[in-house]
*Asks:* 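My structure is below; once you've seen it, I'll send some questions.
All values below were derived from every heavy atom in this structure, side-chain atoms included, with hydrogens, water molecules and symmetry-related copies excluded.
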Amino acid sequence: MCELFVEINHYLGIHVNNIQLSVVHRLPQSYRWLSGFAGIKVEPIPLAGSEEGSNLIGLKLLSHEGDVAWRVMRRLTECLQEIQVESAVVECDGEPCLFVKRDDESATMCRLKNTGAAIAETVSAFYPF
């Protein structure tokens, strides 16, 4: 079972739980594995839905950077493995990003929320204030 209290580190002199204080954001584009580099490199898909079966979604951390971000992403991957969701952490634009199949998006988001990660979502509704 994915432990909520994962690797504790000293971040700004405070003990923090990496997953519980993690904010994950879904990248706006769809991706696919770069030919010959499955699990290692991705490329954006110009027209979403053109290869529905091989589409990937990407998630990046808004809350951590550097080595801490890589550790958190690896831990999130382990949590997804526990529910048999395949994922990979790949460097994208200089940052670690977690990629899963589009078909696994709902299970992924649910699992990440259950482990304590916050999911940053775009607000598109109009509010009459």
Side-chain angles (χ1 to χ4, degrees):
M1 179 177 202
C2 181
E3 299 172 14
L4 291 179
F5 295 98
V6 296
E7 179 180 331
I8 304 297
N9 65 42
H10 295 278
Y11 187 73
L12 300 176
I14 302 170
H15 290 285
V16 297
N17 177 304
N18 287 336
I19 290 179
Q20 287 184 336
L21 295 179
S22 298
V23 179
V24 179
H25 173 69
R26 185 184 184 285
L27 299 174
Q29 292 181 283
S30 291
Y31 294 84
R32 65 179 167 216
W33 294 118
L34 188 62
S35 181
F37 293 95
I40 300 171
K41 292 184 181 181
V42 295
E43 63 182 353
I45 297 175
L47 299 171
S50 62
E51 298 176 38
E52 198 64 38
S54 62
N55 281 359
L56 303 170
I57 63 153
L59 302 168
K60 77 174 195 172
L61 286 172
L62 299 178
S63 55
H64 301 292
E65 295 178 348
D67 290 338
V68 174
W70 283 97
R71 286 193 301 267
V72 170
M73 286 299 210
R74 285 188 203 106
R75 187 65 183 133
L76 293 177
T77 298
E78 291 171 6
C79 291
L80 292 174
Q81 286 173 348
E82 291 173 2
I83 61 166
Q84 299 178 356
V85 170
E86 292 181 28
S87 62
V89 179
V90 175
E91 185 174 326
C92 188
D93 296 328
E95 300 178 52
C97 293
L98 179 70
F99 289 91
V100 298
K101 293 177 185 173
R102 178 176 298 284
D103 293 343
D104 292 331
E105 181 175 6
S106 294
T108 296
M109 295 304 193
C110 184
R111 181 63 171 170
L112 296 183
K113 287 177 184 178
N114 285 336
T115 60
I119 309 298
E121 298 182 30
T122 305
V123 177
S124 61
F126 292 99
Y127 295 99
F129 292 107

*Asks:* Quick one: closest heavy-atom pair of H25 and A120, and the distance?
*Replies:*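 What the structure gives for the nearest pair is ND1-O, 3.8 Å.
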
*Asks:* Does some side-chain heavy atom of L76 sit less than 4.5 Å from a side-chain heavy atom of V24?
*Replies:*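 Yes, side chains in contact.
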
*Asks:* Is the closest side-chain heavy-atom distance between V42 and W33 below 4.5 Å?
*Replies:*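 They are in side-chain contact.
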
*Asks:* Side-chain contact test, heavy atoms from C-beta onward, threshold under 4.5 Å: evaluate it for P96 versus V90 and give yes or no.
*Replies:*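 Heavy-atom side-chain distance check fails, nothing below 4.5 Å.
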
*Asks:* Where is the tightest heavy-atom contact between R74 and V89, given as atom of each residue plus distance?
*Replies:*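 Heavy atoms only, the tightest pair is N-CG2, 4.2 Å.
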
*Asks:* Could you report the tightest heavy-atom contact between E86 and D104, atom names first, then the distance?
*Replies:*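 Shortest heavy-atom contact: N-OD2, 4.4 Å.
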
*Asks:* Between E91 and K41, is a salt bridge (Lys or Arg N to Asp or Glu O under 4.0 Å) present by the stated rule, with each step listed?
*Replies:* CA-CA 8 Å; E91 185 174 326; K41 292 184 181 181; over 6 Å; no

*Asks:* What are the two closest non-hydrogen atoms of I83 and A107, and how far apart are they?
*Replies:*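 Heavy atoms of I83 and A107 come nearest at CD1-O, 4.0 Å.
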
*Asks:* When you look at H64 and S22, which way does the side-chain contact (heavy atoms from CB on, under 4.5 Å) test go after all the steps?
*Replies:* CA-CA 7 Å; H64 301 292; S22 298; 3.4 Å; yes

*Asks:* Residues two or more places apart in sequence or in another chain: which of them pass side chain to side chain donor-acceptor pair (under 3.5 Å) with E105?
*Replies:*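 Result, side chain to side chain donor-acceptor pair (under 3.5 Å) vs E105: R26.
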
*Asks:* Run the side-chain contact (heavy atoms from CB on, under 4.5 Å) test on L59 and T108 for me, step by step, so that the C-alpha distance in whole Å, both residues' side-chain angles and the decisive distance to 0.1 Å come before the verdict.
*Replies:* CA-CA 10 Å; L59 302 168; T108 296; 4.0 Å; yes

*Asks:* Let me confirm one number: the CZ-CG distance from R75 to L98, rounded to the nearest 0.5 Å.
*Replies:*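 It comes to 13.5 Å.
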
*Asks:* What is the minimum heavy-atom distance between P44 and Q29, and which atoms define it?
*Replies:*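 For P44 and Q29, the tightest heavy-atom pair comes out as CB-NE2, 3.4 Å.
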
*Asks:* With rounding to the nearest 0.5 angstrom, report the CZ to OH distance, R102 to Y31.
*Replies:*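 Reported to 0.5 Å precision, the distance equals 11.0 Å.
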
*Asks:* What distance do F99 atom CZ and R32 atom CZ have between them, rounded to the nearest 0.5 Å?
*Replies:*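 Reported to 0.5 Å precision, the distance equals 13.0 Å.
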
*Asks:* Which value, rounded to the nearest 0.5 Å, describes the distance between S87 atom OG and K101 atom NZ?
*Replies:*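 Output value for this atom pair is 11.0 Å.
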
*Asks:* Could you go through the side-chain contact (heavy atoms from CB on, under 4.5 Å) check for C79 and L112 one step at a time?
*Replies:* CA-CA 8 Å; C79 291; L112 296 183; 5.6 Å; no

*Asks:* So do V100 and L56 actually touch side chain to side chain, heavy atoms under 4.5 Å?
*Replies:*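 Not touching, per the 4.5 Å side-chain cut-off.
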
*Asks:* Does any non-hydrogen side-chain atom of I57 lie less than 4.5 Å from one of L27?
*Replies:*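 The answer is no, as the side chains (C-beta and beyond) never meet within the 4.5 Å cut-off.
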
*Asks:* Hey, are the side chains of R111 and V85 touching, using non-hydrogen atoms and a 4.5 Å cut-off?
*Replies:*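 The answer is no; the side chains never approach within 4.5 Å.
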
*Asks:* With a 4.5 Å limit on heavy-atom distance, are the side chains of M73 and L61 in contact?
*Replies:*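 Side-chain contact under 4.5 Å: yes.
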
*Asks:* Return the set of residues passing side chain to side chain donor-acceptor pair (under 3.5 Å) with Q81 (not counting sequence neighbours), or none when no residue passes.
*Replies:*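 If we apply the side chain to side chain donor-acceptor pair (under 3.5 Å) test to Q81, skipping adjacent residues, there are no hits.
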
*Asks:* Can you check side-chain contact (heavy atoms from CB on, under 4.5 Å) on I45 and N55, steps first, answer last?
*Replies:* CA-CA 8 Å; I45 297 175; N55 281 359; 2.8 Å; yes

